[in-house]
Amino acid sequence: MSAAHPLGDLRLKRYPMFMCLQNRPCLVVGAGKVALRKAESLLESGAQLTIIAPELDSDLANTLKQYPNQAAWQQREFQDTDIAGHYLIIAATNNRAVNAHIAELANQRQIPVNVVDNQAACSFIVPSVVDRSPVMIAVSTGGASPVLARQLRMKLETMIPSSCGQLAAITEEYRDQVKQRFAEPEQRKQFWEQTLRGPFAELVYAGNVSAARQMLDEMLAKQSSETTIGEVYLVGAGPGDPDLLTFRAVRLMQQADVIVYDRLVAKSILEMASQTAERIYVGKEKAKHAVPQESINALLVRLAKQGKRVLRLKGGDPFIFGRGGEEIETLAENGVPFQVVPGITAASGCASYAGIPLTHRDYAQSCTFATGHLKNGTIDLDWEKLAQPRQTVVFYMGLTGIEVISRELIKHGTPSDMPAALIEQGTTRNQRVHIGTLATLPELVKQRSVRAPTLTIVGEVVKLHEKLHWYQPERHVAASEFSRNPEPQE
Ligand code: SAH
């Protein structure tokens, strides 16, 4: 806004309000694409809409048909007398002078008016909105930067769950009941504060509305002294780059009371969790052993039973070589509510960031995810099947077993010069991609001192790396991006 603008010195450039237009006569002058957008929201707000224009845009005609009792088109030019009797007017013709004239007339009669091509003539502006009806968030920069308003709106769009409106609607249904249950306004406020932050809201966000209602019913039936059980969120943190987290993962990380994580969670991801959350590390440390799986399962149950919102954060996707299934089995057996948030698994993340399309159709018809975990010096896999041509095989945890993988595949018929890649700390700033062949893999690991976490990809698709690699991070630090320097052995 220029300094000369009459609104320039006001602290509040616009008075924010939400107007009820149900059954109120409103006028849109003009019937092109811009008028269409305005007409649509007026109609959705229940306005009685008159449109004045010599010609009607075909999309607008279709919209009007959907509201036969609410909308009328008068096929003619605007006349000064059209102003009367309207609560709100939008000047959206393609003629700037006509629009300015309409604004002047409306202002004389003190009718709110918006002019689509002339900020200064508007008595009100239509903000960028995040629509989660009945929840609405309006963004305005007071005309200073419509692009900034749009960017802020997009940010809010991504932060606010899409079912936030549904949450508000259910809350409204229960308002009277809550009023009866809690006589004091302060008690009611406390009840809602807890409820809207806790598992009830998460159930709604996860789409399980009937369970959410049931939970609310139970909460209302309970005596206040009874403690509520917490919840466990089993969340996939993706392979390392924090940008690859899901919106849901971020939201839950910010509201959890406790975060239980292991070595596969990148440091930069952990930093995004709520600063007040307690953190419990259950991964392997150099000489020590990892916390046994049963103890982790029991820990999750214990924390949830203390009423805490527990976030179990796992690298990649919790259901892919993550033992996430076992953890929630124990929760289910103990009646602890939980939800699972998928993450980008290492195979997808590393392959994308290394420019290796896992199923490029010139080279592969299928892709197998296998574990290369060594048990008593061997890997128990169907080598015959994995050695079949025209497929890609991805090995998780394949570093210590790399010699076995190389030897067994060659023994079962994979050509020893089959292209193969090792992707170390994939998707992080420390990503390194080592390309070789099935036969050279073990040597490559030694030569380059490749460390965990590393993913192994075997197949013709690896050839594409040369042409398609795009991610070239500036190597950050010599140290690992992962929460504890993981052992070379996985
Ligand atoms: N649940 C995880 C996998 C756990 S198994 C997922 O879905 O990704 C652990 C193995 O995953 C590691 O040994 C390694 O092979 C692979 N891995 C996980 N993150 C990785 C990363 N950022 N770069 C390379 N490999 C990774």
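We count ligands from 1, going down the list as the structure has it; atoms in each ligand are counted the same way. Since the structure is predicted, the reported quantities are computational estimates derived from the model, not experimental observations.
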Do any nitrogen or oxygen atoms of [X] lie less than 3.5 angstrom from nitrogen or oxygen atoms of ligand 1?
X      : result
Gly315 : yes
Asp317 : yes
Thr454 : yes
Ile320 : yes
Gly426 : yes

Aromatic ring centroids of Phe338 and Tyr233 under 6.0 Å?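 No, ring centres 6.0 Å or more apart.
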ring-ring contact (aromatic ring centres under 6.0 Å, His included) between Tyr261 and Tyr281, intermediate numbers included: CA-CA 5 Å; Tyr261 68 101; Tyr281 178 73; 5.3 Å; yes
Donor-acceptor contact present, side-chain His412 to main-chain Leu409, <3.5 Å: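 Not a single qualifying donor-acceptor pair exists.
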Which of the atoms of ligand 1 are close to [X], meaning less than 4.0 Å from one of its heavy atoms?
X      : answer
Thr345 : 6 (C), 7 (O), 8 (O)
Ala346 : 6 (C), 7 (O), 8 (O), 16 (C), 17 (N), 18 (C), 19 (N), 20 (C), 26 (C)
Met397 : 5 (S), 9 (C), 10 (C), 12 (C), 13 (O), 14 (C), 15 (O)
Ile423 : 24 (C)

Using a heavy-atom cut-off of under 4.0 Å, does the side chain or the backbone of Leu264 touch ligand 1, or both, or neither?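 For Leu264, the contact with ligand 1 is made by the side chain alone.
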Applying a heavy-atom cut-off of 4.0 Å, say which part of Lys314 lies close to ligand 1: side chain, backbone, both or neither.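 Within the 4.0 Å criterion, Lys314 makes no contact with ligand 1.
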Under a heavy-atom criterion of less than 4.0 Å, does Cys350 contact ligand 1?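 In this structure, Cys350 qualifies as a contact of ligand 1 - some heavy atom is under 4.0 Å.
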Indicate yes or no: does Arg312 engage Glu327 in a salt bridge with an N to O separation below 4.0 Å.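 Counted as a salt bridge, because a side-chain N and a carboxylate O are separated by less than 4.0 Å.
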Carboxylate-amine/guanidinium proximity below 4.0 Å for Arg213 and Glu173: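 Counted as a salt bridge, because a side-chain N and a carboxylate O are separated by less than 4.0 Å.
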Can you classify the ring geometry of Tyr471 versus Tyr353 as parallel (below 30°), tilted (30 to 60°) or perpendicular (above 60°)?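 Correct class here is perpendicular.
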Would you sort out whether Asp317 and Thr345 count as a side chain to side chain donor-acceptor pair (under 3.5 Å), showing the intermediate values? CA-CA 5 Å; Asp317 181 278; Thr345 190; over 6 Å; no
Steps toward side-chain contact (heavy atoms from CB on, under 4.5 Å) verdict (Val260, Leu303): CA-CA 10 Å; Val260 180; Leu303 291 167; 4.1 Å; yes
